[in-house]
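Order of appearance sets the numbers: ligands from 1, and atoms from 1 within every ligand.
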Amino acid sequence: MLSISRLLPCLYRVYTGEFLDITLCSTVKAKSNPQDHARATEGPCNTPKPGVFDLINKAKWDAWNALGSLPKETARQNYVDLVSGLSSSSDSSSQVKPEADRKQSGYETLVVTSEDGITKIMMNRPAKKNAMTMRMYEEIMLALKAASKDDSAITVLTGNGDYYSSGNDLTNFTDIPSGGVEEKAKNSAILLRDFVDCFIDFPKPLIAVVNGPAVGISVTILGLFEVVYASDRATFHTPFSHLGQSPEGCSSYTFPKIMGPAKAAEMLIFGKKLTAAEACAQGLVTEVFPDSTFQKEVWTRLKAYSKLPPNAMRISKQMIRNREKEKLHAVNAEESSTLQERWLSDECMNAIMNFLTRKAKL
Ligand SMILES: CCCCCC/C=C/C(=O)SCCNC(=O)CCNC(=O)[C@H](O)C(C)(C)COP(=O)(O)OP(=O)(O)OC[C@H]1O[C@@H](n2cnc3c(N)ncnc32)[C@H](O)[C@@H]1OP(=O)(O)O
């Protein structure tokens, strides 16, 4: 029998159009319509239907046949329109900074500013609920490294738009390298470990301004922040079992410490979504503000904090955190290698396929 782990790369390729000879960048692949491409290059479906066990050719044939008698030129135009539409519509939102500004800051997925003693790192993919792409992980690491050396006193992580972040971008898993899913899982585990290490080692007070719902890794790393301010619209959700995955961000260690093992288990094993008030009662959130006054109240507070002597704040943070650092690095290493295995499991692959084929949402 064909296992899901062997079938998945085939399904990915059918879904992303690789078996139809589409040569596009990974983002476009994940969204392009393979049928239109086949129509555009081959004309109407004119070959016999493959047998039921010939999965790959059958999927290709079904996609091609579904187009019926669409003229070749129309199919080609639809295909071109779709591909061009993707590049112009991705991340479309009134709140996204203009292209020129983004390039100026040097970040593609973030807006990073530094003023009044505060470096603000804002995740900036509002149309995708600030889902974290590979690029965003890399850019957050770069921004944290820069913030650790700049003259700001405190550093803030927040999100643009209605979400704080929907966590890992599940399309990250569609970009399979030549070494296959095993290589993908290995590379992702290395990136995850480096990413979380940056938070563990960050020397200045780190503040999360949680402007809306937070999912997955955007929630788990909150245990590594000094202060978490949340809008009353925010929710906190770690649906790892639903996704066939396991905890990261050191949450398997920090959450039981913060909220006790029973409450941590409800979140990390059973995926219980907490309201901001509940997360505050459990100790994960420092304070909750009404959404209508959230930005004003939080930034007024942070501007006052940023005027405190920066060296004193750094030293106090070190005294609170340093005893734990070695432990946190060990936990991070263990969580990352456990996830590397989880990503290759049928449970995880099925969950991701269900999201990508629009069969499941949280
Ligand atoms: C280096 C790798 C490290 C990995 C670390 C391990 C991390 C684990 C996690 O973070 S687990 C959590 C993963 N996140 C999810 O499972 C969330 C999936 N998203 C959803 O369920 C929903 O999108 C939602 C509930 C967050 C929001 O629903 P809704 O309000 O109805 O909005 P849309 O679904 O229409 O979203 C708009 C737009 O954004 C795309 N999108 C949102 N979240 C993600 C995501 N996490 N990954 C990929 N894409 C996402 C969504 O598909 C829509 O796209 P579209 O407009 O249709 O093109």
Trainee: Can a salt bridge be assigned to the pair R193 and E248 using a cut-off of 4.0 Å between side-chain N and carboxylate O?
Mentor: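 Salt bridge: no.
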Trainee: Would you say N168 has any N or O atom under 3.5 Å from an N or O of ligand 1, going by distance alone?
Mentor: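 Yes - when backbone and side-chain N and O of N168 are compared with those of ligand 1, one distance drops under 3.5 Å.
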Trainee: Which bit of F355 gets closer than 4.0 Å to ligand 1, counting heavy atoms only: side chain, backbone, both or neither?
Mentor: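 Near ligand 1, F355 shows its side chain, while the N, CA, C and O stay back.
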Trainee: Less than 4.0 angstrom from a charged side-chain N to a carboxylate O is my criterion; do K204 and D150 meet it?
Mentor: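 Here K204 pairs with D150 in a salt bridge, since their nearest N and O are under 4.0 Å apart.
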Trainee: Quick test of your reading of the model: are D162 and K129 salt-bridged, counting only N-O distances below 4.0 Å?
Mentor: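 Result for this pair is yes, salt bridge flagged.
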Trainee: Minimum distance, heavy atoms only, to atom 36 (O) of ligand 1: which one of Q245, H237, K129 is it?
Mentor: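 Nearest option to atom 36 (O) of ligand 1, by heavy atoms: K129.
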Trainee: Are a donor atom and an acceptor atom from the side chains of T119 and S152 found within less than 3.5 Å of each other?
Mentor: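 Side chains of T119 and S152: pair found under 3.5 Å.
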Trainee: Please confirm whether L191 approaches ligand 1 to less than 4.0 Å, judged on its heavy atoms.
Mentor: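 It does; at least one heavy atom falls under 4.0 Å.
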Trainee: Is it the case that N332 and D197 place a side-chain donor and acceptor less than 3.5 Å from each other?
Mentor: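 Side-chain D/A pair, N332 to D197: present.
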Trainee: Contact between ligand 1 and F173 is defined here as a heavy atom of the residue under 4.0 Å from a ligand atom; is it met?
Mentor: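 Checking ligand 1 against F173, which is what was asked, there is no heavy-atom contact under 4.0 Å.
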Trainee: May I ask you to decide whether E115 forms a salt bridge with K120, counting only side-chain N to carboxylate O separations under 4.0 Å?
Mentor: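 So E115 does not pair with K120 through a salt bridge.
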Trainee: Is D201 paired with K325 through a side-chain N to carboxylate O contact shorter than 4.0 Å?
Mentor: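 Between D201 and K325 there is a salt bridge, with a charged N closer than 4.0 Å to a carboxylate O.
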Trainee: What about F240: any of its N or O atoms under 3.5 Å from an N or O on ligand 1?
Mentor: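 Checking ligand 1 against F240, no N or O pair falls under 3.5 Å apart.
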Trainee: Could you see which bit of P239 sits under 4.0 Å from ligand 1, with heavy atoms only: side chain, backbone, both or neither?
Mentor: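 No part of P239 comes within reach of ligand 1.
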Trainee: Given E287 and R301, is the salt bridge (Lys or Arg N to Asp or Glu O under 4.0 Å) satisfied, shown in steps?
Mentor: CA-CA 12 Å; E287 192 169 336; R301 173 97 53 101; 3.0 Å; yes
Trainee: Only heavy atoms count here, so choose which of S165, S188, G249 is nearest to atom 1 (C) of ligand 1.
Mentor: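 It is S188 that holds the nearest heavy atom.
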Trainee: Taking non-hydrogen atoms only, is E248 closer than 4.0 angstrom to ligand 1 via side chain, backbone, both or neither?
Mentor: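 For E248, the contact with ligand 1 is made by the side chain alone.
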Trainee: Counting only heavy atoms closer than 4.0 Å, does ligand 1 sit against the backbone of L243, its side chain, both, or neither?
Mentor: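 It is the side chain that gets close, since no backbone atom is under 4.0 Å.
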Trainee: Which of the atoms in ligand 1, numbered in the order shown and given with their element, are less than 4.0 Å from a heavy-atom of W343?
Mentor: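 Once the distances to W343 are compared, the set is 4 (C).
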Trainee: Classify the contact between S166 and ligand 1 as side chain, backbone, both or neither, using a heavy-atom distance cut-off of under 4.0 Å.
Mentor: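 Both of them.
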Trainee: Using a 3.5 Å cut-off on N or O atoms only, is Y163 in polar contact with ligand 1?
Mentor: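 Looking only at distances, the answer is no, because the N/O contact criterion of under 3.5 Å is not met.
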